[in-house]
Protein chains: 2
Amino acid sequence: MCIAGGRIQELRGTGRLTTGVMTPASPTNEVRAHEHLFFEGDARDHIYIVESGWVKLYRTLIDGQRQIVGFANGGSVLGVEADTLHLNSCEAITDVTMRSIPASRLNGICRSDPALAEQVLRQIGRQLGAAQAQLATIGAQSAEQKLATFLLTIADLCEESLDREFDLPMRRGDMAEFLGLRLETVSRKMTEFQRRGWIKLTSLYHCRLLQRHVLEHLAQGGEADGAQMLQTG
Amino acid sequence: MCIAGGRIQELRGTGRLTTGVMTPASPTNEVRAHEHLFFEGDARDHIYIVESGWVKLYRTLIDGQRQIVGFANGGSVLGVEADTLHLNSCEAITDVTMRSIPASRLNGICRSDPALAEQVLRQIGRQLGAAQAQLATIGAQSAEQKLATFLLTIADLCEESLDREFDLPMRRGDMAEFLGLRLETVSRKMTEFQRRGWIKLTSLYHCRLLQRHVLEHLAQGGEADGAQMLQTG
DNA sequence: CGCGCGGTTGATCAACCTCAACCCGCGTGG
DNA sequence: CCACGCGGGTTGAGGTTGATCAACCGCGCG
């Protein structure tokens, strides 16, 4: 099913942690768009579970280059990769609500709250798989293929709503930093996709898939100029 | 400490699961170099814990491109990213011994074996951090920087033994597929590193670091031609 | 109005890929 | 013993992709 053309599974809403699992006392925090939940190097005194909204996780190299290592929405667990210090920075890209769990409660969590522990375990496994899929995308695909993969992922995410139409919750620069490209390249490819009739951008942040099969072919490693896809052009 | 120039922490031997944690009944399997433990798409009826030796985890795109998503040695847990089917193929690159845990025992593992469960939790967190570090390397660094990062990672791994001297347990092609490069590029950069006096290859699979600080500078995003590093040349 | 931010577009360039030849060590078999 | 092929690696020439640098657009806002 999900072969190596891999989608970013952490973007999916499936398997999310239900609030019912949480102990009633877990506090709910709210964070506004563009605020940071934590920075790389901060002490990790909590882990967080996103309830609604979107955040981006990223790392910064000393030369200023950034790499977004994941986007996360409802159900995702943040901060589990860290031991004592956060390894990523985390910034809300929309308004966000989340629950926080003190790091101290992680010790012995299996005994104290086995249901939560197993949910967390499953969720980390999912995130690991997503990170690996993203490795395959960044490491082995062309700019065109990366963008096709990315758009399909976001589209799948929103297929609960109107088919083939969805919001892109991040800017061009975020997409570029996620895919290991420059924002100019993302911009060029987006317009190219549109010019070829594969997608339609109704606004900068809203997209409609016109030729989903072409994108799927690309995302799985196919060429853009195959004759078999011109039949519908 | 480990800022974004990120090393592949899963390569480190630290934090490995001790056999004492395992229930005595866990069977030990042996696998010879170049044999597969499992393939992408196989049913995941076990997870595995590596005891000794090295394996590579990889995904294959339909056009034949491969991406190695991680190398694993003693202490690593394999198969946790999967739900019902393995998402990666896993091949031994040296002779390997490992223990297997039936997938059925994962349900309720927190109750039945909380010590093991928490070790697995920590280990997956580590692997997730490693995958994210690798994302930053692949997505945001040049070929030169990627190779410097990679060599330092392997070197750190072996710093238990003779300082600055270590084995590369994989071939050029594996390094390339891990770093998102072509093997010709890896080969070229390796000889270039050697020509510049940064490393010395005593054999194809044995390396000695002569100018560790130069590699560190590169790995953190620095330039190769800075004057400040020629003082020791 | 002027400015800044985010995005688009164009021209140029270099890093890396591609394809091909070649080297070397090794095992095999005539 | 040598010829041969093979796997893994290195090296070279040339092409392409995507980065770089710069100009420009549209919009919102002080």
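Below, chains carry the letters A, B, ... as their sequence lines are ordered, and counting in each starts from 1. Just so it is clear, the structure is predicted and the values come from calculations on it, not from any experiment.
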Using only heavy-atom distances, determine whether the side chains of T60(A) and Q65(A) contain a donor-acceptor pair under 3.5 Å. no
If the cut-off is 4.0 Å, is T191(B) near the phosphate of dT11(D), judged by side-chain N/O to OP1 or OP2? yes
Please pick, from dC16(C), dG9(D), dG18(D), the nucleotide with the shortest atom-to-atom distance to any side-chain atom of S187(B). dG9(D)
Do any side-chain nitrogens or oxygens of Y205(A) fall under 4.0 Å of OP1 or OP2 in dG7(C)? yes
Answer yes or no: does a side-chain N or O of T185(B) lie under 4.0 Å from OP1 or OP2 of dC16(C)? no
How long is the line joining CD of Q145(A) and P of dC17(C), in whole Å? 14 Å
Distance in angstrom units between E184(B) CD and dT11(D) P, rounded: 12 Å
To the nearest angstrom, the CZ-P distance between R182(B) and dT11(D) comes to 20 Å
What nucleic acid atoms does L183(A) come within less than 4.0 Å of, heavy atoms only: base, sugar-phosphate, or nothing? base
Steps toward side-chain contact (heavy atoms from CB on, under 4.5 Å) verdict (Q123(A), V80(A)): CA-CA 10 Å; Q123(A) 181 62 30; V80(A) 280; over 6 Å; no
Spacing between E144(A) atom CD and dT16(D) atom C1', to the nearest angstrom: 13 Å
Once you round it to whole Å, what is the distance between C1' of dC5(C) and CG of L204(A)? 12 Å
Taken to the nearest whole Å, CZ/R172(A) to P/dC5(C) is 19 Å
Length of the CZ-P vector between R188(A) and dG10(C), whole Å: 9 Å
Please walk me through it: do H217(B) and H213(B) pass side-chain contact (heavy atoms from CB on, under 4.5 Å)? CA-CA 6 Å; H217(B) 182 240; H213(B) 60 287; over 6 Å; no
Distance criterion of 3.5 Å, no angle test: do you see the side chain of R171(B) paired donor-to-acceptor with the base of dG7(D)? no
Parallel, tilted or perpendicular: which describes the rings of F71(B) and W54(B), with under 30° parallel and over 60° perpendicular? perpendicular
Over 12 foreign heavy atoms within 6.0 Å of CZ, R32(B): no
In whole Å, I'd like the distance from the NZ atom of K189(A) to the P atom of dT9(C). 13 Å
